[in-house]
Structures are given as C-alpha cells and as structure tokens.
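Sequence positions, counted from 1, serve as the residue numbers for this chain. Treat the numbers as computed from the prediction; the structure is a model and nothing was measured. Note: hydrogens, waters and symmetry copies are ignored here, and every other heavy atom, side chains too, is used.
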Amino acid sequence: MTLGSASNHGIALRQVLPEAELFGADEIRVSSCCADSRQVRPGDLFVALSGVERDGHDFVADAVARGAAAVLAERPIQVDVPVACVADARRAYGHLCQALVGNPSQRLKVIGVTGTNGKTTTTHLIAGVLRAAGQYPAVLGTLGYSDGVEFEAARWTTPPAPVLAAWMARAEAAGCTHVVMEVSSHALEQSRVAGVEFDVVAVTNVRHDHLDYHQTLSAYRAAKARLFEQLGPSGVVVLNVEDDVCREMYLPRVDGPALTVALDRAAELNAVAVESCLSEQTFLLQIGSESVPVRTRLIGRHNIENCLVAAAVGLAYGVSTPDVVRGLESVDRLAGRLEPIVCGQSFGVYVDYAHTPDALAGVLDALREMTSGRVLCVFGAGGRRDRSKRPLMARAVELRADLAIVTSDNPRDESQRRIVADIMRGFAMPEAVHVIDDRAAAICYALQQAREGDVVLIAGKGHEEYQELADGQIDFDDRQVARDWLYAQWNSQSSRAA
C-alpha cells in the first residue's frame, strides 16, 4: 500500500526521523511512501523492511526502477537516488506513516487494548461507554475497522502501519473523538503502532499464546509491555490485576497513573457476581464506596473482567458512573464471542473464538455454571501456529466438558494428522474423545448428541466466515453450519408432528 501526504509539498524526512543518516542528499522530502516494491509509484519513498521470509533490501533496485525517488533502509545501499539509513526501519515506517497523515493521534484520544484474551470484547465495551457519554469513538480490531460512518472487515487484528494511519485519518475526518484499538503482540513486535500516542493503555490478561512467533513466554510478555512506551505524558494504564503478569510484572513498571481492576483481589474497581443464566448476568460494579448493579448479556466471569477494564477506561476519561453502566449494558452481543445460536432447539448452542487454553477454560466454566445438563465441546487448533498450546487446550476441555470432539480449525498447510496428535497428547483419557476431521461433520455430530438441557460449544473460529486450507480459503461459518442443521432438524420434526 502506498500512503500519501495530504500536503502537496510533503514532509521533511529529518523532521520525522532526526536520527536518520542521509546519503546523496542533505534533505529528503516525502509526499508518499511504500514498503512493497511491486506497488511503488513514481516519487515514492521506498522503505526496505526486513521480514521473516523476505528482506526488503533485496528489492531496492526493483523499487528504484519503478520510480522510487528515495530509499529508507537499515544499511547503506548503492543506488542512484538518495538513501536514508536508520537502525529500525519498521519503527521509522510507523512514524513516517503517521506523519504523512498529519499525526492524528495528537488530536484524537487513543485507547490501546492488549492482552491474550478479551481484546475484542473490551474494545467494544469501551466504545459503548464512550458513546453513552456522548463521544464518537472509532473502533479498530478483529471484528473490523469502523470510523463511525464506514465499516471494513479486518484482515489483521491491528493493521499494518499505512492502513492504521489511513484509518486514523479517516476517523478524524469523520468527526470521531476517540479511537479504540486492539493492539496485538505481533503489531507491537513489528512496530505497526509506532508514531501513535496513546492516552490510555489497557491490558486484559497475558496468558499462553503465539509462541510460534515469539518463541518464549518472556518474549511474548515483553512484546505486550512495549505498548506502555507509547503512552502520552498524561497517559493512564489500566491493568487487570486478577492476572499474574499484570500484577507482578507490569504494575511495578508503571511510572504514571494506573487504575487496577479485579474480581477477587484488592483493586480500584471490583465486581461481585449476583446472578447469571445462559442469556445474561448481573454483577455489582464497585468503585470505592460506590456499588451499582450492571446487567449484561455477556455471560461468564471473563466478561465481568472485560467490563471492569472498560469501566476503568471510562473513569479515566471522567465518564460518570451512570453512563459507564449504560455503556456496558448497551453491548448485548458480539459476533463469535459466546454467540448464541437459537433455532428453536431444546439445548444451548454457542459459537466462540476461544483458541487458547485459558480462553477455552473461561467459556467452558461460564457454560458449566449455568447448565443443568451436559457440556459438549467441538474444537481444534490452527495449523502453523503455537504447537505447545495444543495439549493444554485438550486438558482445559477434558476437565470441563462431558464430551470432547476434536476437529480441524484452520489447518493451513500443516498436516491435520499432526495437529490432532498434538492435541490428543493432552487428554488423560483419549479413548473417550471423538475425532472428526471434517469440521462441518464434527459440528453436526455434536448437535446430534445434544439433549434437552445440554449446551454445545463450537470453539476456535468464532466470527470467521472462512476456513484456511493448504490450497487456500473456502467459505465456512460455524454459525451457519449449526443453523442449517438445526433448522433442518426442526423442520423435519415439525413435518413428522404434522
């Protein structure tokens, strides 16, 4: 993607990157930039990014041949256009992209939400709180990007630097007051949000995930912590201290204002569960000596924690308690987040994005607590992703579900047999597990086994409307597969009754 400046004169590179060392020119004026040599247009600054599989420095000649007017790189390169050298091209690219659209984060209020689980729900709860207070938030995350006027499906949880900069500029142009964004560990490691100044940084939890990318838990935790470095001078940190990493690792590092939330530990904001069922739950939101009831359609303990984080963000902006409650209660359903599938059946069916051990444990615990019958769980694991979590996912399911059905998730180009073998190592009683590689067949089998009062959880893909296979994507939606089977059965039963 080529990102251009709103100004015809462009911007001076030294103003954005004073640390850059220039060769072949005393100054470089930049009106547009691009990091893909195939998309370079005449006059662009080409940014050579080093990746896992490819090194942008190898494509500099191609970029210049296509008309690049200058190059930003991490080492000197012999070409016939000016070259700017920096130590970290990805970080420089982020700053440059934000500068080309006028640094909108200097005028917008920006909230970054990171964490292993709960980012999507928490960002939408925060947006609900802000709307209740009369504000106009843009939302960027896994379910899509929205500036309040237009919506686009998301390709990334946190988009690459030029896409992020363009959406932030769109949010400002659309009259948004805030931008609420999910910030993934990949995005932080790749400096996608470099150049963005955050007013509030919120951490939901830090558990086990993405070791295929970060290699170690310590590296994963360190990547998440990078978000704190981009807080503005008066920025506020919100931490869920129910989480060990937030409490023991992150909280001691915070220099400025911090708000803590928890269910069972001392914190500025607490909550006490009052009552719950499969369609809603009520809890008391406790802020100091104040205690107010919140009734939410988002069920489960984990969603109370998400509500607490969102409430704390609202309080950081001075939102009144009544508006906080109204905002939390306004979010009644999120795609693929314990999303109920209701087609007249006598048992519960829920689709959830849970694809980590802790996320699976959280949603299964929530369903178990409110189910009189059995809990049936359909799940798998993504191919070419963290293999170490697969047996842990199995253990989480075996401890909480009465029937486990292992199937495909997004196998990509990894052997489904190997994925299943990794998962099965986590079961203490593998003979009790049903393995059905075809995901649609696995879902239908689970629904066939369900009886009145049972609950079926279809986990892993949530809102996704595709499945990634070795030869590409196919259309696939867990929710639609379940609805098709349930409606077919309902119509069949109705016909027999008639």
Could you give the distance from [atom1] ([X]) to [atom2] ([Y]), rounded to the nearest 0.5 Å?
X	Y	atom1	atom2	result
Glu74	Asp88	CD	CG	6.0 Å
Leu251	Arg253	CG	CZ	11.5 Å
Leu328	Ile126	CG	CD1	10.0 Å
Arg226	Ser191	CZ	OG	6.0 Å
Ile28	Ile11	CD1	CD1	11.5 Å
Tyr353	Thr121	OH	OG1	11.5 Å

> Run the side chain to side chain donor-acceptor pair (under 3.5 Å) check on Asp44 and Ser32 step by step: do they pass?
Replying inline: CA-CA 5 Å; Asp44 283 353; Ser32 57; 2.5 Å; yes
Please find the pair of heavy atoms, one from [X] and one from [Y], that lie closest to each other, and give the distance.
X	Y	result
Ala482	Val349	CB-CG1, 4.4 Å
Val319	Val129	CG1-CG1, 4.0 Å
Thr296	Val331	OG1-O, 4.3 Å
Arg207	Thr116	N-OG1, 2.7 Å
Asp147	Trp167	N-CZ3, 3.7 Å
Val81	Ala70	CG2-CA, 4.0 Å

Does the side chain of [X] reach to within under 4.5 Å of the side chain of [Y], using non-hydrogen atoms?
X	Y	result
Arg384	Asp413	yes
Leu188	Val193	yes
Glu197	Val110	no
Cys85	Phe23	yes
Glu172	Val179	no
Phe379	Val397	yes
Leu239	Val254	yes
Glu339	His463	no

[atom1] ([X]) with more than 12 external heavy atoms under 6.0 Å:
X	atom1	answer
Asp475	CG	no
Phe476	CZ	yes
Glu248	CD	yes
Arg91	CZ	no

Between [X] (side chain only) and [Y] (backbone N and O only), is there a donor and an acceptor less than 3.5 Å apart?
X	Y	value
Gln230	Phe198	no
Arg107	Gly102	yes
Arg14	Glu27	no
Glu182	Gly112	no
Ser408	Pro411	no
Asp243	Asn205	no
Asn103	Gln106	no
Arg337	Ala335	yes
Thr177	Tyr136	yes
Thr204	Asn117	yes

> In terms of side-chain geometry, is the basic nitrogen of Lys461 or Asp478 positioned less than 4.0 Å from the acidic oxygen of its partner?
Replying inline: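 No.
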>> Check Arg390 with Glu414, please: is the shortest side-chain N to carboxylate O separation under 4.0 Å?
In response: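 Arg390 and Glu414: salt-bridged.
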>> With side chain to side chain contact (heavy atoms under 4.5 Å, CB included) as the criterion, how do Gln480 and Glu465 come out once you've worked through the C-alpha distance, each side chain's angles and the decisive distance to 0.1 Å?
In response: CA-CA 9 Å; Gln480 195 57 47; Glu465 298 177 352; over 6 Å; no
Partner of [X] under side chain to side chain contact (heavy atoms under 4.5 Å, CB included), chosen from [options]:
X	options	answer
Thr120	Leu125, Thr157, Thr142	Thr142
Leu269	Leu315, Val309, Thr260	Leu315
Leu96	Leu45, Val86, Leu3	Leu45
Val196	Cys97, Ser105, Pro104	Ser105

> After noting the C-alpha distance and the side-chain angles of Lys224 and Tyr250, does the key distance pass the side chain to side chain contact (heavy atoms under 4.5 Å, CB included) rule?
Replying inline: CA-CA 10 Å; Lys224 292 286 190 188; Tyr250 293 167; 3.2 Å; yes
> Step by step, would you call His178 with Tyr317 a side chain to side chain contact (heavy atoms under 4.5 Å, CB included)?
Replying inline: CA-CA 11 Å; His178 298 68; Tyr317 282 111; 3.9 Å; yes
> Between Asn306 and Asn303, is a side chain to side chain contact (heavy atoms under 4.5 Å, CB included) present by the stated rule, with each step listed?
Replying inline: CA-CA 5 Å; Asn306 294 335; Asn303 275 322; 3.1 Å; yes
>> Check for me whether the distance between the ring centres of Phe46 and Phe59 falls short of 6.0 Å.
In response: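 No.
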